[in-house]
Amino acid sequence: MLDAAPDIDETTERLQRLLGLAVGHEHAKVFLERLDGWFFRRVVAQLRDPASGPVTGLEFDVVFSDRRNGFGPDSLPIDDDLPETGGADPAGGEQVYVRQLRLVNVGDSRIQQAVSDYLRAFTQRSRWVNDNLLRPGELGKYEKRLVEEWSSRFEEMREELGQEAAEEAKVHEARAIYRWVDHHARFPIRPGCDEPFVTKGSYQILADERRVGWHPEFRERLMALLGSVSSK
C-alpha cells in the first residue's frame with residue numbers, strides 16, 4: 001500500500017487517457033477492457049501453472065502492439081476468447097444453417113467446424129457493434145458483397161444444371177459451392193482484418209437467415225422442412 005496512491009477508479013481513468021494516445025480516445029475504453037481481459041487470463045494461467053513463468057515486459061509489449069494494431073483504421077480487433085462449439089451436437093441441431101448443410105450431405109465433422117465458425121463470427125461481430133467499432137453501414141455493405149459473390153456462382157450453377165437435373169447432380173454441384181465458401185472465399189471486412197472465420201462464419205449467418213444457400217432448391221426445401229417441424 002502506498003500513501004496517496006490513486007485508487008482503482010483514478011487508475012482506470014489515467015490508463016484510458018494514456019491509451020487514448022495509442023488508439024484514439026474514442027476507443028481507449030474498449031481497448032483497455034481487452035487488455036485487462038488478456039492480463040487477467042494470463043495471471044490465472046500463471047497461478048494454475050507456475051511453469052508458465054511471470055508476465056515479462058517483452059511479452060506485454062508484444063500483446064500491446066498486437067492489440068493496438070487491431071484498432072487501426074484498416075483493421076478490427078480479433079478477440080482470443082471467442083466461443084468455439086460449446087459442445088454443440090450438429091446431429092441434433094435445429095439451426096437453419098445446419099439444415100442447409102444437411103441438404104447437401106455435409107458430414108458431422110465439417111458441420112462442427114461450421115458451428116464453430118458461426119459462433120465465433122456471431123460473437124465477434126456483436127462485440128464490434130456493441131463497442132461502436134464499425135463504421136455506419138459497414139456490416140451491411142460487407143454482407144451485401146458476400147451475397148453478391150455467392151449469387152454469381154449460385155446462379156451459374158443453376159444454369160448449368162438446368163431444369164431436369166437429377167438430385168445427385170444437384171447435390172454434387174451444391175457441395176462445390178459450399179467447398180468454395182469453406183476453402184476459398186476470403187473477403188476481409190477491412191484490409192487488415194482477414195481472419196478466415198469472419199468470412200466463413202458470416203456466410204453461415206447469411207445461410208441461417210436464408211439469404212444464401214447451397215442446394216439449388218434450398219428455399220423450397222427449407223420451407224418444406226421447417227413447415228413439417230412447426231406442424232408437429
Side-chain angles (χ1 to χ4, degrees), residues 2 4-47 52-86 115-149 185-206 208-209 211:
L2 298 176
D7 60 20
I8 189 64
D9 292 329
E10 186 179 349
T11 299
T12 299
E13 291 175 2
R14 289 187 180 187
L15 285 172
Q16 287 186 19
R17 287 197 296 270
L18 289 172
L19 292 176
L21 301 176
V23 298
H25 294 289
E26 70 276 17
H27 298 321
K29 183 175 182 294
V30 294
F31 181 77
L32 179 58
E33 289 172 354
R34 283 166 167 77
L35 206 58
D36 274 346
W38 167 79
F39 190 76
F40 177 79
R41 292 190 297 273
R42 180 64 176 82
V43 170
V44 169
Q46 181 189 1
L47 292 174
S52 63
V55 180
T56 65
L58 177 60
E59 180 184 2
F60 182 83
D61 285 345
V62 170
V63 172
F64 182 90
S65 296
D66 180 64
R67 279 156 174 70
R68 180 186 58 194
N69 291 340
F71 283 80
D74 291 329
S75 190
L76 285 165
I78 297 293
D79 297 321
D80 54 11
D81 62 339
L82 300 174
E84 296 291 336
T85 61
V115 172
S116 176
D117 290 334
Y118 174 93
L119 289 173
R120 294 176 72 196
F122 184 89
T123 303
Q124 187 65 84
R125 288 167 32 141
S126 296
R127 290 183 184 178
W128 289 339
V129 171
N130 293 336
D131 292 338
N132 295 315
L133 296 176
L134 294 172
R135 301 172 185 126
E138 186 172 21
L139 190 57
K141 291 178 182 177
Y142 180 62
E143 290 186 338
K144 183 175 183 289
R145 182 188 179 189
L146 295 184
V147 172
E148 288 174 347
E149 295 286 349
R186 300 294 181 266
F187 305 110
I189 187 169
R190 289 187 188 171
C193 183
D194 56 359
E195 285 288 335
F197 80 83
V198 176
T199 299
K200 298 198 303 181
S202 292
Y203 267 117
Q204 299 299 344
I205 292 171
L206 292 170
D208 201 58
E209 297 171 353
R211 294 170 61 187

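Small disclaimer: the values here were computed from a predicted structure and weren't measured.
Annotation for D117 and F197: closest pair OD1-CB, 3.8 Å, computed over non-hydrogen atoms. When all heavy atoms of P188 and C193 are compared, the closest pair comes out as CB-O, 3.3 Å. Closest approach of S52 to A45, counting heavy atoms only: OG-O, 3.8 Å. For the residue pair P77 and L133, the shortest heavy atom distance occurs at CG-CD1, 3.6 Å. In plain terms, the two heavy atoms of Q124 and R34 that are nearest each other are NE2-NH2, 4.3 Å. Of all heavy-atom pairs between I189 and E138, the closest is O-OE2, 4.0 Å.
Here the side chain of Y142 pairs no donor or acceptor atom with the backbone of R190 at under 3.5 angstrom. No donor-acceptor distance shorter than 3.5 angstrom exists from the side chain of D208 to the backbone of Q204, with no hydrogens or angles considered. Checked by atom type and distance alone, the side chain of W128 never pairs as donor or acceptor with a backbone atom of I78 at under 3.5 Å.
Looking only at side-chain heavy atoms (C-beta outward), N130 and V30 stay at 4.5 Å or farther from each other. Looking at L82 and L119, their side chains never come closer than 4.5 Å, going by heavy atoms from C-beta outward. Inter-residue side-chain proximity for Q46 and R42 is flagged as met; some heavy-atom pair is nearer than 4.5 Å.
For R120 and E195, the salt-bridge test fails: no basic side-chain N is under 4.0 Å from an acidic carboxylate O. A salt bridge links D80 with R67: the closest approach of a Lys/Arg side-chain nitrogen to an acidic carboxylate oxygen falls below 4.0 angstrom. Between E143 and R125 there is a salt bridge, since a side-chain N of the basic residue sits under 4.0 Å from a carboxylate O of the acidic one. Salt-bridge check for R186 with D194: failed, with every basic side-chain N at 4.0 Å or more from each acidic carboxylate O.
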Apply side-chain contact (heavy atoms from CB on, under 4.5 Å) to K144 and E148, showing your working. CA-CA 6 Å; K144 183 175 183 289; E148 288 174 347; 2.5 Å; yes
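For F64, the CZ atom counts as densely surrounded, since its 6.0 Å shell holds more than 12 non-hydrogen atoms of other residues, nucleotides or ligands. For F187, the CZ atom is densely surrounded, since the number of other residues' heavy atoms within 6.0 Å is greater than 12.
For the salt bridge (Lys or Arg N to Asp or Glu O under 4.0 Å) with R41, the lone residue among D36, D79, D81 that qualifies is D81.
Rounding to the nearest 0.5 angstrom, the gap separating the CG atom in L15 from the CD atom in E13 is 10.5 Å.
Using cut-offs of 30° and 60° on the angle between ring planes, the pair F31 and F71 is perpendicular.
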